[in-house]
Undergrad: 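Below is a structure I'd like to ask you about.
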Amino acid sequence: MFYRIKEFGCKPTVRIYNHLLDALLGESENRYHMIDAVYENMNGEGLEPNVFTYNILLKALCKNGKLNAACKLLVGLCGNVAEAVAVCDRMEKDCFCPLNVTAYSTLVHGFAKAGDLQGASEVWNRMVNCEVQPHVVVYTPMVDVLCKNSMLDQAYRLIDNMVADGCPPNVVIFITFIKGLCHGGRVRWAMHVVDQMQRYGCLPDTRTYNELLDGLFSVNEFRKACELIRELEERKVELNLVTYNTFMYGFSSHGKEEWVLQVLGRMFVNGVKPDAITVNVIIYAYSKLGKVRTAIQFLERITAGKELCPDIIAHTSLLWGICNSLGIEEAIVYLNKMLNKGIFPNIATWDGLVRGFC
DNA sequence: TTAGGGTTAG
């Protein structure tokens with residue numbers, strides 16, 4: 001590509017190199033060896049990496065779980081033992097850009113995702129000591145990691161202090177907190193927060209209610225979940241694909257499979273198209289109801305439409321249903337059909353089949 | 001839109 005740019009008499013810029021780095025690092029396959037070539041090319045052009053280059057690398061390190069390398073980059077203590085660290089070395093030599101709030105938020109997010117409160121706190125403290133002003137994007141992963149470590153009161157206090165710190169909370173940070181509360185079994189508190197967040201000027205949206213709905217089902221509060229849906233419909237709050245999937249999964253996982261099909265009907269009436277998760281929940285519900293023939297027909301219809309491609313989860317549920325309703329011989333026949341179509345079983349599929357034998 | 005945060009399934 002760079003040769004083509006030069007053919008037109010143009011010189012690649014740092015911005016173009018950054019785009020290339022971001023693209024290489026965004027791929028699932030490890031492309032660190034190519035990054036070296038990109039760097040050499042940059043140097044050959046007399047271009048210096050900038051703060052964007054630095055943060056693109058940090059993002060990739062965090063995304064790949066190379067938090068130690070990312071931290072070494074942060075404190076300027078790169079070694080040379082791993083490929084990531086080698087890249088850090090290069091960065092340390094070439095780029096003396098001070099870290100900005102984006103870099104810190106990337107790191108805090110990396111630690112939060114791993115549930116590492118100590119790592120996230122160290123980065124946070126470093127940021128504060130370096131007099132970098134945090135904003136809501138850095139606060140959000142801190143709330144997340146506090147919740148993951150069952151420090152719900154501290155998470156709430158952090159949000160509450162944001163206003164005094166001149167950084168008002170937004171809907172995203174409340175969604176993060178509500179999710180943390182629900183995962184911690186504190187669904188009543190989560191409901192209270194949904195009411196309370198409006199005092200901070202944040203209006204609960206569909207994503208907020210989806211989290212709450214998921215939480216209500218997780219503590220078997222079916223009635224409250226139904227009341228919530230009814231209330232949202234009355235208030236004309238948009239119910240999206242995730243809302244319906246959450247609702248259907250909530251019913252199917254608590255033995256109320258007939259209700260799943262009613263919700264599916266409402267979903268179609270409201271013009272919301274199903275996705276792979278919807279298909280899985282429906283197949284699971286039909287299988288649990290013993291309506292295996294209907295499940296097979298449903299799956300065939302979906303496959304014929306070519307809009308959706310049922311995955312191994314849907315097929316595993318169906319196999320499990322066939323085992324229970326039609327017997328293991330029929331399940332083996334279906335398994336062979338799957339294999340012929342190039343759909344290969346995983347450990348959960350075999351687990352279901354083995355149980356069918358017992 | 002050159003870099004940073006949030007949702008559902010066996």
Side-chain angles (χ1 to χ4, degrees), chain A residues 13-23 25-26 49-63 70 97 99-110 112-113 120 123 127 132 134-145 147 169-180 182-183 202 204-215 217-218 239-253 260 274-285 287-288 310-321 345-352:
Chain A
T13 60
V14 177
R15 179 184 287 214
I16 290 172
Y17 274 105
N18 287 345
H19 274 300
L20 181 62
L21 272 174
D22 197 31
L25 292 166
N50 62 15
V51 69
F52 286 89
T53 323
Y54 203 64
N55 289 338
I56 288 166
L57 182 66
L58 271 179
K59 178 180 73 170
L61 291 169
C62 290
K63 192 177 163 191
C97 313
L99 288 170
N100 63 12
V101 70
T102 300
Y104 286 110
S105 70
T106 305
L107 282 163
V108 175
H109 176 66
K113 209 173 157 194
V123 175
M127 175 184 68
V132 172
H135 57 44
V136 68
V137 181
V138 199
Y139 276 98
T140 305
M142 274 310 290
V143 167
D144 180 35
V145 76
C147 290
N170 64 7
V171 176
V172 175
I173 199 164
F174 276 110
I175 293 172
T176 305
F177 185 45
I178 288 163
K179 183 180 184 174
C182 289
H183 281 192
C202 301
D205 59 6
T206 305
R207 294 163 299 178
T208 317
Y209 291 117
N210 288 347
E211 289 294 352
L212 193 55
L213 197 58
D214 196 35
F217 276 114
S218 71
L239 304 183
N240 65 14
L241 177 61
V242 178
T243 321
Y244 286 109
N245 283 348
T246 305
F247 209 29
M248 287 189 279
Y249 178 67
F251 282 142
S252 73
S253 57
V260 173
D275 68 353
I277 296 177
T278 320
V279 173
N280 293 340
V281 175
I282 297 300
I283 295 293
Y284 180 75
S287 298
K288 282 273 294 269
D311 59 17
I312 188 61
I313 300 178
H315 286 96
T316 300
S317 295
L318 185 53
L319 263 180
W320 175 85
N346 63 18
I347 190 73
T349 323
W350 291 121
D351 184 56

Undergrad: Report the residue from A:Asp214, A:Asn210, A:Thr206 that forms a side-chain hydrogen bond (donor to acceptor under 3.5 Å, both in side chains) with A:Thr243.
TA: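 It is A:Asn210; the other options fail the test.
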
Undergrad: Using a 4.0 Å heavy-atom cut-off, does A:Asp144 contact any base of the nucleic acid, only the sugar-phosphate backbone, or nothing at all?
TA: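 Since no nucleic acid heavy atom lies under 4.0 Å of A:Asp144, the category is nothing.
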
Undergrad: Please state how far atom CG in A:Asp205 lies from atom P in B:dG5, giving the value in whole angstrom units.
TA: 18 Å

Undergrad: How many whole angstroms separate atom NE2 of A:His19 from atom P of B:dT2?
TA: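 Distance, rounded to whole Å: 5 Å.
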
Undergrad: Measure the distance from CG on A:Asn55 to C1' on B:dG5 and round it to the nearest whole Å.
TA: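 Whole-Å distance recorded here is 15 Å.
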
Undergrad: Classify A:Ser317 by what it touches in the nucleic acid, base, sugar-phosphate, or nothing, heavy-atom distance under 4.0 Å.
TA: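 Answer is nothing: A:Ser317 stays at 4.0 Å or more from every strand.
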
Undergrad: So do the side chains of A:Cys147 and A:His183 get within less than 4.5 Å of each other, counting heavy atoms only?
TA: no

Undergrad: Would you please name every residue forming a ring pair (Phe, Tyr, Trp, His ring centres under 6.0 Å) with A:Phe174, sequence neighbours left out?
TA: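 Partners of A:Phe174 by the ring pair (Phe, Tyr, Trp, His ring centres under 6.0 Å) criterion, ordered by chain and then number, come out as A:Tyr200.
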
Undergrad: What is the distance, to the nearest angstrom, from the CD atom on A:Glu211 to the P atom on B:dT8?
TA: 6 Å

Undergrad: Remember a base hit wins even if backbone is also touched, and classify A:Val14 as base, sugar-phosphate or nothing at under 4.0 Å, heavy atoms.
TA: nothing

Undergrad: Using the P atoms only, state how far B:dG5 lies from B:dT1, rounded to an integer number of Å.
TA: 13 Å

Undergrad: In chain order, what residues pass the ring pair (Phe, Tyr, Trp, His ring centres under 6.0 Å) check against A:Phe217, with sequence neighbours excluded?
TA: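 A:Phe217 satisfies ring pair (Phe, Tyr, Trp, His ring centres under 6.0 Å) with A:Phe247, A:Phe251 only.
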
Undergrad: What is the distance from CZ of A:Phe174 to P of B:dG5, rounded to the nearest Å?
TA: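 In whole Å, B:dG5 P and A:Phe174 CZ are 20 Å from each other.
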
Undergrad: Could you tell me how far apart A:Leu241 (CG) and B:dT8 (C1') are, to the nearest whole angstrom?
TA: 8 Å

Undergrad: Which whole-number value in Å describes the distance from A:Phe217 CZ to B:dT7 P?
TA: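 A:Phe217 atom CZ is separated from B:dT7 atom P by 19 Å.
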
Undergrad: Roughly how many Å is it from CD1 in A:Ile178 to P in B:dT8, rounded to a whole number?
TA: 14 Å

